[in-house]
Amino acid sequence: MAMNPEPDVPANHDENRRTFLKQSSLLTAFALVPGPVVSAAAAQLDERVADAFEKVPLNLKVNGQKVKLSVEPRTTLLDLLRENLHLTGTKKGCDYGQCGACTVHVDGQRVNSCLSFAVMHEGKEITTIEGLAEGDKLHPMQEAFVKHDGFQCGYCTPGQIMSAVACVREGHAGSESEIREFMSGNICRCGAYSNIVAAIQDVKKGGQKV
């Protein structure tokens, strides 16, 4: 007995079937993904889109060099210096403005850079520890810190030196007690305070330009 011929199958049947299976598998996998994971992915996408639109232009003069870049409004001056400009001499300590490790000068005034948004300083002049020395010649305060061993581990030293320079410039280095008061915002966990005071007094008495 002759067998019935197989019914005609459309040429694109297999392709349509594969597409259907792929889509079904994708939908099933998506349905099994926990809600928080989906939300997190969406949030990351939102952040990338926001980054592209939220950056603002910023012009600064950093250690004598003009700098032009685009930053997020929430970027701190500390992160701008360390992450964008790679000036890592300014240290991130407590990140709450309590230790002074991040001290820099803005138009000659000492500032805790971790508490200051970069966009607040449009057109201003920023000086970091890298900008104190003149080439290979150390700043007088740097020399005094070396002479009096005003550092031990060294982590707080950049902020200490920047504050020490400001302390002399502000006219607050008249006595040991005054120096201690106006340097109180800078913490030295190694306890080298007496050596730091001696370094500041040395620069003050020497009359060097700071």
Side-chain angles (χ1 to χ4, degrees), residues 60-67 76-83 85-118 120-121 123-210:
L60 300 171
K61 191 173 183 181
V62 182
N63 296 332
Q65 302 294 321
K66 290 184 178 179
V67 176
T76 64
L77 180 57
L78 174 60
D79 286 338
L80 174 78
L81 293 171
R82 290 182 57 84
E83 306 299 332
L85 301 181
H86 308 295
L87 295 171
T88 55
T90 304
K91 302 305 182 186
K92 179 176 284 194
C94 66
D95 219 19
Y96 289 97
Q98 297 176 352
C99 73
C102 67
T103 304
V104 299
H105 295 169
V106 178
D107 286 346
Q109 303 296 314
R110 51 178 154 175
V111 169
N112 286 332
S113 58
C114 73
L115 296 182
S116 182
F117 290 118
M120 297 167 57
H121 304 295
K124 294 184 180 181
E125 184 167 356
I126 313 297
T127 304
T128 70
I129 190 67
E130 291 92 343
L132 282 187
E134 296 181 4
D136 294 332
K137 180 175 175 56
L138 293 178
H139 185 278
M141 192 63 74
Q142 292 173 311
E143 291 181 338
F145 265 66
V146 173
K147 175 182 176 181
H148 293 277
D149 193 20
F151 51 88
Q152 290 185 28
C153 78
Y155 194 84
C156 75
T157 304
Q160 295 278 4
I161 290 176
M162 298 305 289
S163 280
V165 170
C167 187
V168 174
R169 287 179 180 173
E170 294 163 1
H172 298 310
S175 65
E176 179 178 338
S177 60
E178 186 178 30
I179 290 172
R180 287 183 179 276
E181 178 180 354
F182 284 91
M183 288 292 294
S184 61
N186 290 78
I187 295 174
C188 172
R189 291 177 173 83
C190 298
Y193 294 114
S194 58
N195 298 354
I196 292 170
V197 171
I200 296 172
Q201 288 178 317
D202 196 350
V203 173
K204 171 66 175 177
K205 291 176 182 177
Q208 298 103 317
K209 182 180 179 181
V210 295

Item to check | Criterion side chain to side chain contact (heavy atoms under 4.5 Å, CB included) on Ile200 and Met183, from CA distance to verdict | outcome: CA-CA 10 Å; Ile200 296 172; Met183 288 292 294; 3.8 Å; yes
Next on the checklist: Could you go through Tyr193 and Ile187, starting from their C-alpha distance and side-chain angles, then the distance that decides it, and tell me whether this counts as side chain to side chain contact (heavy atoms under 4.5 Å, CB included)?
Outcome noted: CA-CA 9 Å; Tyr193 294 114; Ile187 295 174; 3.9 Å; yes
Next on the checklist: Arg110 vs Val165, test: side chain to side chain contact (heavy atoms under 4.5 Å, CB included). Steps then yes/no.
Outcome noted: CA-CA 9 Å; Arg110 51 178 154 175; Val165 170; over 6 Å; no
Next on the checklist: Show, in sequence, the C-alpha distance, side-chain angles and deciding distance for Cys114 and Asp95, and conclude whether the side chain to side chain contact (heavy atoms under 4.5 Å, CB included) test is met.
Outcome noted: CA-CA 6 Å; Cys114 73; Asp95 219 19; 3.5 Å; yes
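Taken from CG in Leu85 to CG in Leu80, the straight-line distance is 4.5 Å, to the nearest 0.5 Å. In this structure, CG on Leu87 lies 10.0 Å from CZ on Arg82, to the nearest 0.5 angstrom. Summarising the geometry, atom OG1 belonging to Thr127 is positioned 9.5 Å from atom NZ belonging to Lys61; distances are rounded to the nearest 0.5 Å. Expressed to the nearest 0.5 Å, how far CG of Leu77 lies from CG of Leu60 amounts to 7.5 Å. In this structure, the separation between SG on Cys188 and CG on Asn195 is 9.0 Å, given to the nearest 0.5 Å.
Closest heavy-atom contact between Ile196 and Gly150: CG1-O, 3.4 Å. Minimum heavy-atom separation, Cys102 to Thr90: O-CG2, 3.4 Å.
Distance alone, capped at 3.5 Å, is enough to place a donor-acceptor pair between the Asn63 side chain and the Thr128 backbone. In this structure, Ser184 contributes its side chain and Glu181 its backbone to a donor-acceptor pair below 3.5 Å. Judged by distance alone, with hydrogens and angles left aside, the side-chain atoms of Asn186 form a donor-acceptor pair with the main-chain N or O of Gly159 at under 3.5 Å. At least one donor-acceptor pair closer than 3.5 Å links the side chain of His105 to the backbone N or O of Met162.
Partners of Lys124 according to the side-chain contact (heavy atoms from CB on, under 4.5 Å) rule, which considers only residues two or more places apart in sequence or in another chain, are Val106, Asp107, His121. Arg180 is linked by a side chain to side chain donor-acceptor pair (under 3.5 Å) to Glu176, counting only residues two or more places apart in sequence or in another chain. Every residue two or more places apart in sequence or in another chain that forms a salt bridge (Lys or Arg N to Asp or Glu O under 4.0 Å) with Lys92 is listed here: Asp79. Applying the salt bridge (Lys or Arg N to Asp or Glu O under 4.0 Å) criterion to Glu130, with sequence neighbours excluded, gives no partner residue. In this structure, Arg169 has no salt bridge (Lys or Arg N to Asp or Glu O under 4.0 Å) partners at least two apart in sequence or on a different chain.
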Output side-chain donor-acceptor pairs under 3.5 Å for residues 201-210, partner residues at least two apart or in another chain, one line each.
from	atom 1	to	atom 2	distance (Å)
Asp202	OD2	Lys147	NZ	2.9
Asp202	OD2	His148	NE2	2.8

